[in-house]
Structure formats: structure tokens, C-alpha cells
Number of protein chains: 2
Amino acid sequence: MANKHVKEMQVLKEHLGKHQLKLTRQRELILNAFLRQEHITAEAMYHQLAKSDPHLGLATIYRTLNLFCDAGLAQARHFGSQTKYDNVSHKGHHDHLICTSCDQIVEFENEEIERLQEEVAARNGFTIKTHRLELYGLCSRCRH
Amino acid sequence: MANKHVKEMQVLKEHLGKHQLKLTRQRELILNAFLRQEHITAEAMYHQLAKSDPHLGLATIYRTLNLFCDAGLAQARHFGSQTKYDNVSHKGHHDHLICTSCDQIVEFENEEIERLQEEVAARNGFTIKTHRLELYGLCSRCRH
DNA sequence: TTGAAATTGATAAACTGTCTCAAAATGATA
DNA sequence: TATCATTTTGAGACAGTTTATCAATTTCAA
Ligand SMILES: [Mn+2]
Ligand SMILES: [Mn+2]
Ligand SMILES: [Zn+2]
Ligand SMILES: [Zn+2]
């Protein structure tokens with residue numbers, strides 16, 4: 001429990017070192033809470049952390065989650081109207097299936113789709129930097 | 001010029017009729033301006049219409065563009081941080097290539113990708129209702 | 001023509017996220 | 001370990017975008 005998330009903490013420390021940033025109690029706290037999640041909003045992190053740390057500011061949550069993005073531990077994703085931070089510390093690129101009824105999010109990878117995207121881009125003279133693919137619908141549980 | 005967009009006006013009128021809504025000067029005005037665009041923000045429509053109609057309210061623009069969405073003439077799309085209304089009166093489903101440098105938007109359709117999406121969804125027990133695929137990068141002009 | 005119902009415009013409010021700044025914490029250095 | 005320049009924090013102000021409110025106006029079915 002105490003020395004969990006060692007690898008991710010190392011990644012963060014390296015990023016901090018490279019950018020003359022400091023390791024703070026808040027950053028450690030937020031990192032540990034964040035790594036227990038897969039996809040979470042800043043607001044949700046705020047409420048969750050408020051239980052044990054009522055004075056942690058919302059601005060600090062935003063700043064810190066954005067820092068995690070810079071460090072490569074997180075990725076901000078806009079699902080519908082919500083912005084969720086995706087815990088990518090242990091995953092590579094992936095896209096999402098989202099149940100519009102229960103908000104369940106399933107991750108998937110499909111190299112065939114990725115390849116076709118490149119093909120479409122090339123055909124139009126584009127060089128892809130990033131892309132976003134989200135499939136919205138009903139999961140098997142919610143369909144019934 | 002006067003009787004342009006007759007078909008779309010008909011679609012709107014049918015929607016209004018079905019929902020006991022009324023045809024107003026503003027709705028006609030906004031429809032004609034909107035149909036001349038492909039992808040436009042509410043704010044941009046507001047400024048464009050302000051030239052000829054300085055007292056048209058921004059709220060009316062939003063309300064009316066959302067009405068067009070209900071009528072199937074428009075679709076709200078969140079590109080990056082902007083919300084653009086896509087003029088779909090004369091198009092079927094399509095996805096987008098977006099140049100992050102000059103904001104150019106290219107539309108494309110790829111039935112192979114669509115098919116693979118269904119496959120992915122089925123494999124995960126999902127039934128897709130909608131999806132979003134956006135490829136962000138540089139167009140040929142901006143790459144140089 | 002009338003009048004109930006819908007719509008409008010102005011603006012307040014909601015919502016999400018960033019900025020400001022004084023006070024506190026960090027960590028490199030002596 | 002003490003010093004102290006630099007970074008970070010928390011609180012709230014602020015900004016951008018979209019919706020809600022409401023009195024006045026417009027629409028349209030009767
Ligand atoms: Mn994910
Ligand atoms: Mn389009
Ligand atoms: Zn579900
Ligand atoms: Zn371009």
C-alpha cells in the first residue's frame with residue numbers, strides 16, 4: 001500500500017526533474033488516487049480527495065492532472081460533454097466504446113482501423129498527429 | 001435567391017408542424033444563412049447575421065441551431081474545443097479530417113472503417129447508436 | 001380579428017476550466 | 001541543518017460557452 005505505484009512515481013519524478021518542478025505532498029496524493037482510476041473527471045477527483053483532504057483546491061487538481069498529461073501518465077479525453085482523464089500509465093494507444101445508459105467505458109484497439117485511418121488521411125494529403133474514435137451505444141446489460 | 005433552400009425549408013416546416021412550433025422571421029433568416037455554410041459556430045453565425053440584423057439575439061441563434069439539429073438539418077460537433085454546427089441537410093453520415101494549423105475540415109466516408117466499428121462493438125456486446133471519428137493533423141499546404 | 005400559445009431579445013445564471021496573488025512549501029546550496 | 005530563491009498552493013476572481021428567465025412581441029388556428 002505504502003510503496004505502490006513506484007514505477008509511475010518514478011516517471012513523475014523524472015518529469016519533475018527535467019522541468020525544474022517540485023514534488024509536493026499534493027502531487028503524491030493526487031497521483032496515488034488517480035492511479036486507482038481508469039477514467040475520471042477533475043471534479044470527481046476533487047470530491048473523492050475532499051474526504052481525506054478537505055482543503056485540496058480544485059485548481060490544484062486541474063493543474064496536477066494536466067501535469068500528469070505532460071508527464072505521459074494521463075490523457076485528457078472529451079467524452080460527450082465531460083472531460084475525463086484517462087489513466088494511461090499502463091496502456092498504449094486505444095479507443096473507446098461508451099454505454100450511453102450506464103456510462104461504462106470499454107477500451108479497444110484495432111490496428112486495421114488505425115491503418116485505414118492513415119490511408120484516408122494520405123488520400124487527402126493529411127498527416128495525422130492524433131485521432132479520436134468513440135463508439136456510443138448500449139452495452140449488453142443495458143440493452144435488456 | 002428568394003426561393004432557394006426550398007427543400008430544407010420544407011423539412012423545417014414539417015418538423016415545426018409535428019411539434020406545434022411556429023415559423024418565424026428569425027428561423028427563416030437563420031436557416032438561409034446556415035445553409036450557405038458547411039461547419040460553423042453559433043458565435044460566427046451571430047456575428048455574420050448581426051451585419052444585416054443587429055438585434056438578433058445570441059440565444060436565438062443557439063435555440064434555432066439546436067432546433068435545426070432536432071429537425072435533422074444540422075448536427076452539433078465538438079472539434080477540439082469548438083462546437084461547430086455541421087450542415088447535414090444534403091449529406092449522409094461522414095467523419096472528419098481536421099487541420100490543426102489552418103482549421104480546414106475535410107469530410108470523408110469509409111465504409112470499411114464503419115464495418116470494422118460494428119465488428120468491434122459486436123465483439124464487446126455493444127450496439128452502436130452513434131460514433132465519432134476525427135483525424136487531427138496537418139493538411140498538405142500546412143505541412144510545408 | 002381574436003387570443004392562447006410560442007418565440008424573442010436582453011441579460012442573468014450555470015458550468016467548466018484557467019488566472020491571480022499572497023502565503024506556504026520545497027530543495028539546492030552553503 | 002539553516003538559508004532562501006523558486007515553485008506551489010488555495011481561495012476566489014475571471015473568462016468562455018451555453019442555457020434559463022421573463023416580460024414583451026409574434027404567430028396562427030379558430
Ligand atoms: Mn481509456
Ligand atoms: Mn461535416
Ligand atoms: Zn450500459
Ligand atoms: Zn492546414
Side-chain angles (χ1 to χ4, degrees), chain A residues 9 12-34 39-71 74-86, chain B residues 9 12-31 33-34 39-71 74-86 103:
Chain A
M9 184 59 75
L12 177 59
K13 280 179 178 166
E14 253 157 50
H15 179 83
L16 297 176
K18 273 201 198 90
H19 297 80
Q20 51 210 118
L21 303 175
K22 295 175 177 177
L23 181 62
T24 63
R25 190 180 66 82
Q26 289 87 340
R27 283 172 179 172
E28 281 196 86
L29 216 69
I30 297 171
L31 180 61
N32 280 305
F34 175 67
H39 305 90
I40 191 165
T41 63
E43 194 74 24
M45 284 243 66
Y46 178 59
H47 289 304
Q48 183 179 306
L49 285 163
K51 292 171 196 162
S52 51
D53 238 89
H55 290 293
L56 226 168
L58 179 57
T60 300
I61 305 280
Y62 274 106
R63 281 187 292 233
T64 305
L65 289 173
N66 288 335
L67 171 69
F68 294 169
C69 290
D70 294 343
Q75 271 176 22
R77 307 248 193 196
H78 306 274
F79 292 134
S81 53
Q82 294 200 312
T83 299
K84 291 192 167 174
Y85 288 83
D86 194 339
Chain B
M9 184 60 74
L12 177 59
K13 280 179 178 167
E14 254 156 49
H15 178 83
L16 296 176
K18 273 199 199 89
H19 296 82
Q20 51 209 120
L21 304 175
K22 296 174 175 176
L23 181 61
T24 64
R25 188 179 67 81
Q26 289 87 341
R27 284 172 177 170
E28 282 195 86
L29 217 68
I30 296 171
L31 180 61
F34 175 67
H39 305 91
I40 191 166
T41 63
E43 194 74 23
M45 284 244 64
Y46 178 60
H47 285 116
Q48 183 178 308
L49 285 162
K51 291 172 198 163
S52 51
D53 238 270
H55 290 294
L56 227 168
L58 179 57
T60 300
I61 305 281
Y62 273 106
R63 282 187 291 234
T64 305
L65 289 174
N66 289 335
L67 171 70
F68 294 168
C69 289
D70 294 342
Q75 271 176 23
R77 307 247 192 199
H78 306 272
F79 293 135
S81 53
Q82 294 199 312
T83 300
K84 291 192 168 175
Y85 288 84
D86 195 339
D103 282 327

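Each chain gets a letter, A, B and so on, in the order its sequence line appears, and its residues count up from 1.
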*Nucleotide by nucleotide, 5' to 3', does protein get under 4.0 Å of the base (B), only the sugar-phosphate (S), or neither (-) in nucleotides 6-19 of chain C, counting heavy atoms?*
SSBBBB----SSBB
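- For the atom pair NZ (A:K18) and CG (A:D70), the distance works out to 12.5 Å, reported to the nearest 0.5 Å.
- Ring geometry, B:F34 versus B:F68: the interplanar angle falls from 30° to 60°, so the pair is classed tilted.
- Checked for salt-bridge contact, A:D53 and A:R25 meet the test: a charged N lies under 4.0 Å from a carboxylate O.
- Interatomic distance, B:H39 NE2 to B:Q75 CD, rounded to the nearest 0.5 Å: 9.5 Å.
- Side-chain contact between B:I40 and B:L65 is absent, with no heavy atoms from C-beta onward closer than 4.5 Å.
- With a cutoff of under 4.0 Å to any heavy atom of chain B, the contacted region of DNA chain D is bounded 5' to 3' by D:dT17 to D:dC28.
- Distance check, rounded to the nearest 0.5 Å: CD1 of B:I30 to OG1 of B:T64 gives 3.5 Å.
- At a threshold of 4.5 Å between non-hydrogen side-chain atoms, the residues B:I61 and B:E43 do not count as touching.
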